[in-house]
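Data first, discussion second: the structure below is written as structure tokens.
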Protein chains: 2
Amino acid sequence: MQRTLVKDALNAAGPSDAILLQGWVRTRRDAKALSFIELNDGSCLKGMQVIVDATLPDYPHVAQAHTGASIEVVGRLVESKGQGQKWEVVATTFKVIGEADATYPLQKKGHTLEFLREIAHLRPRSNLFGAVFRVRSRLAYAIHQFFQERGFHYVHAPIITASDAEGAGEMFRVTTLDLENPPRGEDKRVDATQDFFAKKTFLTVSGQLEAEIFACALSNVYTFGPTFRAENSNTSRHAAEFWMIEPEVAFCDLFGDMDLAEAFVKYLIRDVREHCAADLEFFSKFVDKELLTRLDFVLEKPFVRCSYTEAVEILEKSGKVWEHPVSWGANLQAEHERYLTEEHFKCPVTVYNYPRAIKAFYMRQTDGCAEGRETVAAMDLLVPGIGEIIGGSQREERLDKLRAGMALHHLDEKAYWWYLDLRRYGTVPHAGFGLGFERMLMFVTGVGNIRDVIPFARTPGTAEF
Amino acid sequence: MQRTLVKDALNAAGPSDAILLQGWVRTRRDAKALSFIELNDGSCLKGMQVIVDATLPDYPHVAQAHTGASIEVVGRLVESKGQGQKWEVVATTFKVIGEADATYPLQKKGHTLEFLREIAHLRPRSNLFGAVFRVRSRLAYAIHQFFQERGFHYVHAPIITASDAEGAGEMFRVTTLDLENPPRGEDKRVDATQDFFAKKTFLTVSGQLEAEIFACALSNVYTFGPTFRAENSNTSRHAAEFWMIEPEVAFCDLFGDMDLAEAFVKYLIRDVREHCAADLEFFSKFVDKELLTRLDFVLEKPFVRCSYTEAVEILEKSGKVWEHPVSWGANLQAEHERYLTEEHFKCPVTVYNYPRAIKAFYMRQTDGCAEGRETVAAMDLLVPGIGEIIGGSQREERLDKLRAGMALHHLDEKAYWWYLDLRRYGTVPHAGFGLGFERMLMFVTGVGNIRDVIPFARTPGTAEF
């Protein structure tokens, strides 16, 4: 007999004489002549109510069906007389597959998130984390769908890299050398030529430069893979290992890039609103009461666009007292970003053309800037509650200007010979952006700590499971 | 004016007065009164033939349109009188965006694959590598589609791991310690407690154990992420960094696992046959003449199943002289696997129930084995040309038997406390398998070297780009 998932059983069009359910006991309530068991199999938030009649030959097994036990039920799917569910199952056979005794840590409700992180191997069996990881899966799929539907090609950027100069953050070293006693050269320094890749290697901080290579061949591409930061910051928004999406588009300028980013964010929100409705309902009840309002705000409001220079003027005229002072040339902080989107414009905002000095070497210089006010074609997409959710730029496609940018940032041209080659041979205007997957997941679930949207989070001092 | 991709222009339903094409010059041929340019934008294998009439004001620019240059063309899409294409574009405006001079390495045909690896930043602009990376993207998407359509949830297994005892292969160390002068404890040994994660960490070799955690909560899950082997083997089939797919299914036995693996392989082949027809045609012409025959062989033939013990008997009775001797208890080698699928059964074969001693600790012990012939519920799916393409098993869900397996393999229970917990609390029969993404890609493209199906391959001594 074929297993039926609870999700499908709950959506059944009509009753059924015999279905097979398999899953785990969430709760059990014993009455005089029968027991009610909530069976959850992770296919959806809701469990199926299973009724085991005391006259059933298998009824004695029910006593072993504690919270957390795995069970198998064959029964009739019938309309429920109880409240809160359309269907329930009246068991004809009932079997406990694997017991769970009183030491099972998830039996009682009201555990702290901190405690649940310590049992990350069991927390996906809870309502909250089941919902988080179902949404995580759906969001990842929606990302692929968005790009594949638009003719983008998926590129796997390398994880291990010998580039250590991108300046995006601290990097992890990858090595097979014996740390106790590494080989050393005549100068007594560790001899990296004897390492696995015959040079120093690290974990990647971004796949953008490699994505540019592929955009300059296949036109429209995106990466979606793990990236790393060896930063010793213990905040609710930073992890050492996280996933990032980086589309890159040939023959595209900064405004085309904004169009793509805005369409992308709306598509993702619309997709999870539709496909994860019950899970999002749960988050809006128990995690963040404003969640659905905020998601609909982004879905329904038009995005405004505002140059960095205009944004600074707005912030200066706001009459607000800022923790971080505002002045042309300084980076916008979360408080500024949130003011722009939540209070001033009251809609999502894309800020563009940032000061050259605070941005990366590969961003395209804006033509015709006033002296002392040089900008580059960078953009940040701001949403309420978070501030920046996407950052992108048009890349510098002019060889001489790129070289000037590299000199300004003290980068060695030799390490970027292939990146420069892209500007030597058939160079094209191109642009792209980066979205931190977990940041987007926190936005659509309302979950406040990045550790709680990653299956097994890696943070300073923590690499369990 | 909106850009039209060459792929869409070639599939146009009718002519058009004005379309905008952007891409790179593959070839140019000058006649007396006009020039023919093949414009490729990577959206598909074929380029669009663009005709620039010598009377056009922009015609002088054509002289700069060398192979590799980027160009922009507005023109009329008209029926082609030439052979080999339905549509061509008669230019009304013509512009060179980025030139490519005589040093552009891809102008002449007939470069070796070895040379093209050295210019991995340009090779995606060639026919072969454009096709490889389009198929790579489509295959990845088909993998997600297959599982998502079946209610599987995508899980991101951690890349950085503190488990070093899985025994699947040599591991890369991940560290932020200063290799020149690492902190040392009182025993003079390197003090790993001062490393970023406060212990020794490595790059993962498999996400299976973590996938089991999620299968025991969400029922049906799969991973799809990078995995690593620090093995110093310079073969055409090994890379230090590759992507792997690992589905895991709760309430599933070995035969359910085989059903899934067989359906999966057929689905992927059918998908790329349909969506990458032109690219596969190219491979079958220029890379591997047998390719389409072999793919259809797997699509059309029923899969047979054969126990390891039966397989050994067949091999012993074959009358063949084997390079690696056959006897019960020894691993099957590629020559044996290929004989079974190509010569004996003449169809794809799933071999199952392998000797316990040569398989991993987590595989489920078969009940009722003859003494000295203990087996575990492992299976390998064999296809022609390659041999094993998928390996999987039912996992040991019985706590006592799992402990015995760990003792047999000299594993420390303490390191696996959470893995054992899965058997303590609501344990269920479950099974899964692993598919090397690049191995499947080699199978569907016929490309013989793994370095040529990875954007930027990492192999001993090589981590360029």
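Order of the sequence lines sets the chain letters (A, B, ...), proteins ahead of strands, with each chain counted from 1. Since the structure is predicted, the reported quantities are computational estimates derived from the model, not experimental observations.
Counting heavy atoms from C-beta on, the side chains of B/Ile160 and A/Phe172 come closer than 4.5 Å. Side-chain contact between B/Ile97 and A/Pro429 is present, with heavy atoms from C-beta onward closer than 4.5 Å. Side-chain contact between A/Pro105 and B/Tyr425 is present, with at least one heavy-atom pair separated by less than 4.5 Å. Side-chain contact check for B/Val174 versus A/Arg173: every heavy-atom pair is 4.5 Å or farther apart. A 4.5 Å side-chain heavy-atom check between B/Phe197 and A/Thr462 finds every atom pair outside the cut-off.
Across every non-hydrogen atom of B/Gly225 and A/Trp243, the tightest pair is CA-CH2, 4.3 Å. Smallest separation of non-hydrogen atoms from B/Ala463 and A/Ala162: O-CB, 3.7 Å. Scanning both residues, A/Arg458 and B/Thr161, for their nearest heavy atoms gives NH2-CA, 3.9 Å. Smallest separation of non-hydrogen atoms from B/Leu218 and A/Pro124: CD2-O, 4.3 Å.
Ring pair A/Phe456/B/His156: centre-to-centre distance not below 6.0 Å. Aromatic pair A/Phe465/B/Trp417: centroids less than 6.0 angstrom apart.
At a 4.5 Å heavy-atom cutoff, the contact between A/Glu464 and chain B is made by side-chain atoms alone. Only the backbone of A/Phe152 comes within contact range of chain B, with at least one heavy atom under 4.5 Å from a heavy atom of that chain. With a 4.5 angstrom heavy-atom cutoff, B/Gln22 touches chain A via backbone and side-chain atoms both. Residue contact with chain B, scored on non-hydrogen atoms closer than 4.5 Å, involves the backbone and the side chain of A/Pro158 alike. In this structure, the portions of A/Leu179 lying under 4.5 Å from any heavy atom of chain B include both its backbone and its side chain. Neither the backbone nor the side chain of B/Tyr419 comes within contact range of chain A; no heavy atom of the residue lies under 4.5 Å from a heavy atom of that chain. At a 4.5 Å heavy-atom cutoff, the contact between A/Cys216 and chain B is made by backbone and side-chain atoms alike. Only the side chain of A/Trp24 comes within less than 4.5 Å of a heavy atom in chain B; its backbone stays farther off. Interface residue B/Asn220: only side-chain heavy atoms are found under 4.5 Å from chain A. The contact between B/Leu203 and chain A is made entirely by side chain atoms (from C-beta outward), counting heavy-atom distances below 4.5 Å. Of the atoms belonging to A/Phe196, heavy atoms from both backbone and side chain fall under 4.5 Å from chain B. Looking at B/Thr175, the atoms closer than 4.5 Å to chain A (heavy atoms on both sides) sit in the backbone and in the side chain alike. Using a 4.5 Å cut-off between heavy atoms, B/Ala65 makes no contact with chain A at all. With a 4.5 Å cut-off on non-hydrogen atoms, A/Arg423 does not touch chain B at all. Residue B/Ala120 touches chain A through its backbone alone, counting heavy-atom pairs closer than 4.5 Å. In this structure, the portions of B/Ile159 lying under 4.5 Å from any heavy atom of chain A include both its backbone and its side chain. With a 4.5 angstrom heavy-atom cutoff, A/Ala215 touches chain B only via backbone atoms. Proximity to chain A (any heavy atom under 4.5 Å) is restricted, for B/Ile71, to the backbone atoms N, CA, C and O. With a 4.5 Å cut-off on non-hydrogen atoms, A/Phe242 does not touch chain B at all. Looking at B/Arg3, the atoms closer than 4.5 Å to chain A (heavy atoms on both sides) all sit in the side chain, from C-beta outward. Residue A/Asp8: no heavy atom, backbone or side chain, is found under 4.5 Å from chain B. Heavy atoms closer than 4.5 Å to chain A are found in the backbone of B/Glu118, but not in its side chain. Contact of B/Ala250 with chain A is made through backbone and side chain together, with heavy-atom distances under 4.5 Å. When heavy atoms are compared at a cutoff of 4.5 Å, B/Thr103 approaches chain A by way of both its backbone and its side chain. The part of B/Pro226 that comes within reach of chain A is its side chain, from C-beta onward, which places non-hydrogen atoms under 4.5 angstrom from that chain.
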| query | After noting the C-alpha distance and the side-chain angles of A/Tyr154 and B/Tyr141, does the key distance pass the ring pair (Phe, Tyr, Trp, His ring centres under 6.0 Å) rule? | reply | CA-CA 8 Å; A/Tyr154 181 29; B/Tyr141 189 49; 9.4 Å; no
| field | Derivation of the side-chain hydrogen bond (donor to acceptor under 3.5 Å, both in side chains) call for B/Glu170 and A/Thr176 | value | CA-CA 9 Å; B/Glu170 292 294 306; A/Thr176 54; over 6 Å; no
| task | In sequence, state the C-alpha distance, the side-chain angles, and the governing distance for B/Phe251 and A/Asp41, and then conclude on side-chain contact (heavy atoms from CB on, under 4.5 Å). | result | CA-CA 10 Å; B/Phe251 300 99; A/Asp41 65 6; 5.9 Å; no
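Per-residue heavy-atom pair counts under 4.5 Å with chain B were compared for A/Gly151, A/Ala240, A/Ala230, and the maximum is reached by A/Ala230. Of all the listed residues (B/Ala100, B/Gly461, B/Gly426), the one sharing the greatest number of non-hydrogen pairs under 4.5 Å with chain A is B/Gly426. By number of non-hydrogen pairs under 4.5 angstrom with chain B, the leading residue of A/His144, A/Glu99, A/Arg134, A/Glu241 is A/Glu241. Heavy-atom pairs under 4.5 Å with chain A were tallied for B/Ser126, B/Ser137, B/Ala457, B/Gly98; the largest tally goes to B/Ser137. Contact count against chain B (heavy-atom pairs under 4.5 Å) is highest for A/Trp418 among A/Phe228, A/Trp418, A/Phe147. Comparing B/Ala69, B/Gly68, B/Cys44 by how many heavy-atom pairs each has under 4.5 Å with chain A, the most go to B/Gly68. Looking only at heavy-atom pairs under 4.5 Å with chain B, the residue among A/Asp101, A/Leu122, A/Thr459 that has the most is A/Thr459. Between chain B and the options A/Gln148, A/Glu212, A/Arg398, heavy-atom pairs under 4.5 Å are most frequent for A/Gln148. When B/Ala217, B/Gly23, B/Ala198, B/Ala140 are compared by the number of non-hydrogen pairs under 4.5 Å with chain A, B/Ala217 comes out ahead. The candidate with the highest count of non-hydrogen atom pairs below 4.5 Å against chain A, out of B/Gln145, B/Lys199, B/Arg424, B/His66, is B/Gln145. Heavy-atom pairs under 4.5 Å with chain A were tallied for B/Arg184, B/Lys7, B/Glu397; the largest tally goes to B/Arg184.
Ion pairing of B/Lys188 with A/Glu180 is absent here, as no side-chain N (NZ or NE/NH1/NH2) approaches a carboxylate O to less than 4.0 Å.
Judged purely by atom type and a 3.5 angstrom limit, A/Ser219 has no side-chain atom pairing as donor or acceptor with the backbone of B/Gly42.
Note that NE2 of B/His121 and CG of A/Asp421 are 3.5 Å apart. Values are rounded to the nearest 0.5 Å.
Between the side chains of A/Arg138 and B/His153, no donor-acceptor pair is found at a separation under 3.5 Å.
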